[in-house]
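Structure record follows, encoded as structure tokens.
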Amino acid sequence: MKRTGKRQGAVLVELGYLKPKDLIWAVTHQVEEIILSLFHWEDGEFEFKEVALPSEEVIILKLSAANLIYRGIKRIDSFTYLKDGFFPMEAILDYSADPMDLFQDIRLEEKDKEILFLIDGSRTIGEILSLAPLDNFRTLKILHGLLSARIIEIREKGQTEDKICKDTLKRLEVELDSAFIEKVEELHDRLDSTNYYDVLGITKSATLNEVKEAYYKKTKEFHPDRHFYLPSETLKNKLNALFSFLTKAYKTLSDQELRKEYDQGVIACGTKTVEGLDAEMARDKFIEGKEALRRRSYTKAAELFRQAVYFDNSVAVYHFCLGLALEKENRFQEAEESVTTALKLDLFNADYIAELGHIYLELYLNSRAKDTFEKALELDPVNERAKEGLQKIGSPSRV
């Protein structure tokens with residue numbers, strides 16, 4: 001370590017004492033334990049400082065936030081602390097009405113599942129405690145964890161019970177295996193030729209409840225958060241595209257007017273209404289992506305920008321921001337492709353050209369980077385990003 005300046009884990013892998021996958025497991029376990037240890041705090045003070053993250057040796061770990069929250073709350077040891085922060089015993093619990101929350105990646109033990117399935121939209125917290133297979137303290141921790149992770153929610157009086165959601169949650173268990181991967185590949189390959197009814201597995205005469213039930217099933221099976229550990233980035237991208245298509249299908253077919261116009265569009269090979277929906281969803285994803293980029297959540301930003309591109313690939317800035325997020329993750333070849341696509345849509349954008357130059361630098365293409373920075377300065381003589389790039393490669397600016 002002293003001789004090379006490398007981290008201990010990297011040295012152990014290079015010497016053959018550890019396999020890369022063992023190192024990743026150890027680092028992931030260490031980070032999880034640090035996060036989970038925070039749940040033992042009952043009070044304290046903190047100070048938040050907004051500063052730049054370290055730019056070197058950043059390790060990106062893909063962990064389920066919901067699973068960490070759930071596991072952390074289950075570690076709480078103080079019954080008083082837990083009870084004081086909980087809801088009244090007469091509060092009624094129900095499953096989340098939002099599939100995006102309901103089908104997050106959370107590891108439930110068998111007793112946890114038994115308690116989860118006691119929730120039926122009519123039982124109070126007190127009634128669930130009396131029926132649970134565990135003592136009150138452990139049951140409260142499980143309920144508190146499920147509430148905090150938004151798997152379940154407090155049901156308002158007079159709210160209709162959502163049996164579709166509950167039945168879907170109980171019936172469908174998804175395992176990651178070769179059959180699932182083949183299913184993602186097969187469905188993704190058919191996206192260009194399929195329609196909204198086929199992708200949801202329903203007929204054109206399907207009722208609103210049948211549309212909703214089909215979407216819930218598909219959401220649980222293909223929710224990207226449930227499969228964040230997929231071994232291939234290409235496969236993850238296909239899953240994101242498939243999930244976006246499913247969401248678009250549901251939003252269209254669950255709206256009476258949009259569904260009517262979509263049906264007319266199928267006969268007439270498309271309608272402005274559906275295209276408008278695509279553009280609207282693309283904008284929504286883009287706005288979410290910019291916020292994630294601002295928070296330096298680069299993996300999430302890349303996912304959101306990729307979905308924006310899927311819904312509307314004609315907007316240059318969607319491709320450019322996808323490239324920025326990928327660049328931040330050190331995925332420079334993918335970043336180059338995205339920024340190049342942005343430039344095809346906006347040929348004379350000096351900012352895009354300058355950023356492409358920085359990507360070339362990361363790929364050790366210094367000569368190409370120099371030409372690219374100079375081209376950016378021809379279009380915008382005061383472009384700071386281009387000047388910064390030329391300084392990095394030791395070439396004086398022509399400006």
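Residues take their numbers from the sequence shown, with the count starting at 1.
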Heavy-atom closest contact ([X] atom, [Y] atom, distance):
{"X": "L68", "Y": "L36", "value": "O-CD2, 3.4 Å"}
{"X": "I115", "Y": "P133", "value": "CG1-CD, 3.8 Å"}
{"X": "F373", "Y": "I393", "value": "CD1-CD1, 4.5 Å"}
{"X": "T139", "Y": "L134", "value": "OG1-O, 3.3 Å"}
{"X": "A302", "Y": "L322", "value": "O-CD1, 3.4 Å"}
{"X": "L361", "Y": "G389", "value": "CD1-O, 4.1 Å"}

Tell me, please, which residues at least two apart from [X] pass side chain to side chain donor-acceptor pair (under 3.5 Å).
{"X": "S314", "result": "D312"}
{"X": "E114", "result": "none"}
{"X": "T203", "result": "S205"}

(Q) I'd like to check the salt bridge (Lys or Arg N to Asp or Glu O under 4.0 Å) partners of R385; sequence neighbours left out, ordered by chain and number. (A) E355, E388
Q: Could you tell me if the ring centre of F245 sits under 6.0 Å from that of Y196?
A: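 Ring centroids of F245 and Y196 are less than 6.0 Å from each other.
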Q | More than 12 heavy atoms from other groups under 6.0 Å of CZ on F137 | A | yes
(Q) Taking NZ in K74 as the centre, count heavy atoms belonging to other residues, nucleotides or ligands within less than 6.0 Å. Is the count above 12? (A) yes
Q | Minimum side-chain heavy-atom gap N313-H319 below 4.5 Å | A | yes
Q. Taking it one step at a time, do Y262 and D255 satisfy side-chain hydrogen bond (donor to acceptor under 3.5 Å, both in side chains)?
A. CA-CA 10 Å; Y262 175 74; D255 183 291; over 6 Å; no
Q) In terms of hydrophobic clustering (I, L, V, M, F, W, Y; side-chain heavy atoms under 4.5 Å; direct or indirect links), are L326 and I353 co-clustered? A)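 Both belong to a single hydrophobic cluster.
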Q) Taking only residues at least two apart or on different chains, which pairs with a member in residues 126-136 satisfy salt bridge (Lys or Arg N to Asp or Glu O under 4.0 Å)? A) D135-R138
Q. Given the rule in the side-chain hydrogen bond (donor to acceptor under 3.5 Å, both in side chains) test, do N209 and T207 qualify, once you have shown the distances and angles that lead to the verdict?
A. CA-CA 5 Å; N209 273 349; T207 64; 5.6 Å; no
(Q) Please identify which of these residues, F320, Y310, F286, Y318, meets the ring-ring contact (aromatic ring centres under 6.0 Å, His included) condition with F305. (A) F286
Q. Under a 4.0 Å N-O cut-off, is there an ion pair linking E109 with K111?
A.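 Between K111 and E109 there is no salt bridge, as every charged N stays at least 4.0 Å from the carboxylate O atoms.
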Donor-acceptor pairs are to be reported for all side-chain atoms of residues 336-344 against protein atoms at under 3.5 Å, with residues two or more places apart or in another chain.
unit_1: S338; atom_1: OG; unit_2: E334; atom_2: O; d: 3.4
unit_1: T340; atom_1: OG1; unit_2: E336; atom_2: O; d: 2.7
unit_1: T341; atom_1: OG1; unit_2: E337; atom_2: O; d: 2.8

